[in-house]
Structures are given as structure tokens and as C-alpha cells.
Amino acid sequence: MAPSYDVLIVGAGFGGIHQLYSLLQLGLTVKVVDKAAGLGGTWYWNRYPGAMSDSPSHLYRYSWDQDDLQSYPWSDNYLDAKDVLAYLEHVVDRHGLRKHLQFNTELLSAKRNPEDYTWGVETSQGPFQCHYLITALGLLSEPNWPNIPGRELFRGDLYHTSRWPDKYDFTGKRVAVIGNGATGIQLITRIAPEVGSLLCFQRHPQYSVPARRRTVTQEERDQINNSYDEIWNHVRDSAGGMGVTESKTNTMSVSPAERERVYQAAWDEGGPFRFCLGTFADLYTDEAANHSACEFFRSKIAQIVQDPEKRRKLTPTDFYARRPVCDSGYFEQFNRDNVDIVDILETPIVGFTSDGLKTSDGTVYMLDMIICATGFNAFDGPYKKLNIVGRDGVTLNDHWRDGPSTNMGMAGANFPNLFMINGPQAPLANVPPAIEGQVGFITRAISHAEAHHKDHSVPRKVTIESTKEGEDEWGAFCNLIRDMTLFKTVDSYYFGGNIEGKRRFVYVFLGGLNLFLQKLKECEESGYSSFHPF
Ligand code: NA7
């Protein structure tokens, strides 16, 4: 007999751990499985040099353990990957959750059994049975390997940043990094001084602000500790959930000199969200506003990068509308003689050779190590290879043939008692508070469903399932918001534009954390009107 639980959670990152904790409070039996050899999700996998969260440290944690918020130590305004991992390990031990976790166990398939209202789940370690299945697979967990021919030819080291090896050695080596998103920027900045030479293969240049990482003083920490309730309320009432005072001023309502002052203040203070949310209210909705921010960035790049050719390649010309990024001296690295940049929109990579990479102009770059910082097949990527069979034999892949539509990023029609944490069309915001909103909703929905069926007959005929209308309405809302913003003007993982051949779709809710939480509340207050009656 397969081990049976009320709830099986797949994924032991921020989402899975919080969901486990919350459901245990309801008295349910819960198991968490993860394909990794340890907990942490994103922070288990992303161990590349320089890996750092760019959310403020005091907000990159759970809000529900108030004693722990007061006492858990952290030193800087940002957390390194290992700090986040240590925090999650600490939470798991502090709340006695470890016995519910099972590692090296990869979800393969899940099939809904209509007879007994359960999910039959197949994993790499054998079957499970559960009443509710919750996937917390991570929104950025499926690595995107660039589609470059001849990978097998390359005799040097080839890595993806999210599959980082335990042992590596850059010393004196000729290294290439492909990709310059949040990850590439961190990696390039960290390794440039260590490697022999560094070639950065860039598809689109970035608008990046200084992170301004620094130690947080005891006085600042005391201030945070004394106002945590207020801080979390502010987070939940904001679009980004980043602790930034979000501007309500439109860019063109102030003089050019005032605009410059506001941008400079954000540049000096540091952090991507301070800049994109704290300067002006309409950076992502007004072309002239966005253009003025771009001009400011371009002037900074011009001041920093000395070599005119490198500077030209590093200077973006499109809208400031990708995932906002920050750095700890990224542009400065290109003033080193051992660091250069290849614009692969001008000269695309045509293939691997045994010794490196070849571009379309015939140049062969001789390399010892190639690092792909090429991001992820975001949101629906990890679901694509799973066989999830819901009501009437409908598979999730069939259901998502025209794009992964969901009800608020958490549920789908035809998939009773299946919830996703940070599934497609979940909100783009600081991840821990966004996850808390979703976990709270899922926990209360399950509690509501369970309470509705007080007879403890076997099988327990308890189901909760999104309506098709609920899913369609959320999709339309996601589209509406996309159409109101400039995000749609650039190819990014928000719309599947980072991956050749991926369906263009609105993969993320761009309306902000506050609006997302309001929608969850409305759904609950309506008695779950976008879900089938219990
Ligand atoms: P991102 O933000 O998706 O960035 C990936 C980078 O890799 C980006 O510069 C891409 O260029 C580039 N890329 C992707 N595919 C290719 C191919 N095939 N060839 C060349 N270059 C490519 O992922 P990150 O890992 O940096 O960041 C993920 C999240 O981590 C981020 O959102 C934060 O939450 C932290 P493009 O710009 O698409 O042209």
C-alpha cells in the first residue's frame, strides 16, 4: 500500500515549508517531498558565487513567527544564498518540521481517483496517496539551457548557475558567462577579479542600479524589531512588498532637475525596488517617464565604463521593463583588461567547438569554462514534464495547451484538491510575503472544505476546485494589467520571451501584491465564489 496522507506537498522551499507548518496546525497528516537532497528550493539550487537575494533581509523571511523575527541574527541589508538556506534550516528545526520532509524524491505523475477522492502520486521513490496535492515547485526552478548546437563537443567545464558543482576552480582560467540577468550580473561581478579572463556573452544589456550592500547597525535592527507589525502591514499594502515607500508622483509632473534629484537619491540609496517603485509612480505605464529613467541609467553607464566599444554594447536602448536588477560593481568590471563583452544580438553564437564558442562572424573564442546564467523556463516549466491527470482524464498539459491559465496562480478547473504555490499567474512581488498570501488562502480553503464535510465517511467526499469562469476571469485580469504596462514591450520571462519557441502568454500577475491580496480576500468573503460549491 502506498503511504497515505491528507496532504502531499511537493517542494521544500519557502512555500512548501510554510504550507507544511500551516496544515499541521489544522491537525492534518502532511508529507513534503523534494527532488533535491536538502531543503531550500531556489536557495538549495542556486549556489553560484555571488548568489544573493535582492529583497531587504528583514523582509526575506516569514512574518508569522514574531519571536524569531526579533531574535534571528542577520548582519547585512541583503542575504547571501547561504544565509537564506541557513534561515530555512533554522525554521524547520525550530518548528520540528524535519520529520515530515523526504528528500531525493522527485514527483513524476499524479492521477486523480474519482472513486475515493484521492490523488495517486508517483515519485522516483515510489507511490503516495493523498487527499490534497500541493505543488510548490518554484517559479524559477527549471533551468533554461541555451539552445546552442554542439554542446557535446566542448571539452572544458560547462555549468548552469542553478546546478552549481560542489568543486570548481576558476583560477587563471578563460571563462565565459552567457546571460546577464540578476544571476549573471552577480556572478560576473564576483568572479571577474578571480578568473584569468572573462567573456560575457550578452543578448540584451541591462539597466542596473547599485545594490549598496552594507552592514545593518544595531540601532537600525532595534528600530526594525520595534516596528515589525507596522512594517508587515506596509508590505502587504504595497505593490512590490519590498518595504519601499512607493511613489505616487508622476514623472513628468516635476521639473527635469527634480527628476534628476529623485533618480540620484534612489541611485545613492541603492536597491532595484527603491529605484523602480520609489522614484515615480508611472515608470512602467508612461513612455516618457520610462524614457527619462533610461536616460538617467545611460548617463551612469557612460560615466562608469571607460572603453567606448564596451560601453556601447553595455548600454540598453529599449524600455526599462525587464525584471529590475542591482549590482555591486557590475559595470566597473568592464574596466578590467581581463573582462570583455560579446553582443550576441550582433554576432549570435552559432555553436560550441571543442575549445569554446563560435559566433556568426567566424570568431572562435577559446575557453576553459562556460557558465550558463541563462535563467529558467519560468512558471510552467517544472510542470511541463509531469503527467498530472485530473477530472475525466484531462491532463494539466492538455488543459494548458493554450497557455497555463490558473485561478490566482493557485488552482485550475478540472483539478480538484490540487493547489499550486507560485504557479503560473501568481503575483510578481517579494516572494516570502507573496507566498504567505497564497499559503494562507490555501490553508483556509482546505479548512473550509474540511469543515463543510463534517461526516467522516470513507471515502471523504471533500473537494475544492476552481471553476472555469474563475480561471478565465483571472486570465483576463492578468491580460488587462499587462496591456496597461510597458512590461509587454520587451521579451522577458514574464511573457515566455526569454526562451526560443516558448508560447507567449501572461505568465505572471503584474498588478502588485496589495491587489493580489485584495483579490484573495474578496474570493474568501464571497464564500469562494470562483470555486465550485463544496
Ligand atoms: P533571467 O532574468 O531570465 O536572465 C537570464 C539571462 O540569460 C538574460 O540575460 C537572458 O537574456 C539570457 N539568456 C537566456 N537565454 C539565452 C540564450 N539562449 N542565449 C543567450 N542569452 C540567454 O534569469 P536569472 O537567473 O538571471 O534571474 C532569475 C531571477 O533570479 C530573477 O528574476 C530574480 O528573481 C533573481 P535576455 O535578457 O532574455 O535577452
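Note that ligands are numbered from 1 as they come in the structure, with each ligand's atoms numbered from 1 the same way. Reckoned from all heavy atoms, side chains included, excluding hydrogens, waters and symmetry mates. Numbers for residues simply follow the sequence, beginning at 1.
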ask   = Does the ring centre of F297 sit less than 6.0 Å away from the ring centre of Y320?
value = yes
task = Below 4.0 Å from any atom of ligand 1, which residues have a heavy atom? Give them in chain and number order, please.
result = L140, N144, P146, I178, G179, N180, G181, A182, T183, R203, H204, R322, R323, I344, A373, T374, G375, F376, Y493, N498
query = Does the ring centre of F376 sit less than 6.0 Å away from the ring centre of W45?
reply = no
query = Are K313 and D343 ion-paired here, with the side-chain N under 4.0 Å from a carboxylate O?
reply = no
ask   = By side chain to side chain contact (heavy atoms under 4.5 Å, CB included), which residues pair with I421, not counting sequence neighbours?
value = Q19, I134, A136, I435, Q438, V439, I442
note = Across all chains, not counting sequence neighbours, the side chain to side chain donor-acceptor pair (under 3.5 Å) partners of R298 are Y207, E295
key: Listed partners of V325 passing side chain to side chain contact (heavy atoms under 4.5 Å, CB included), at least two apart   = A182, I185, Q206, S208
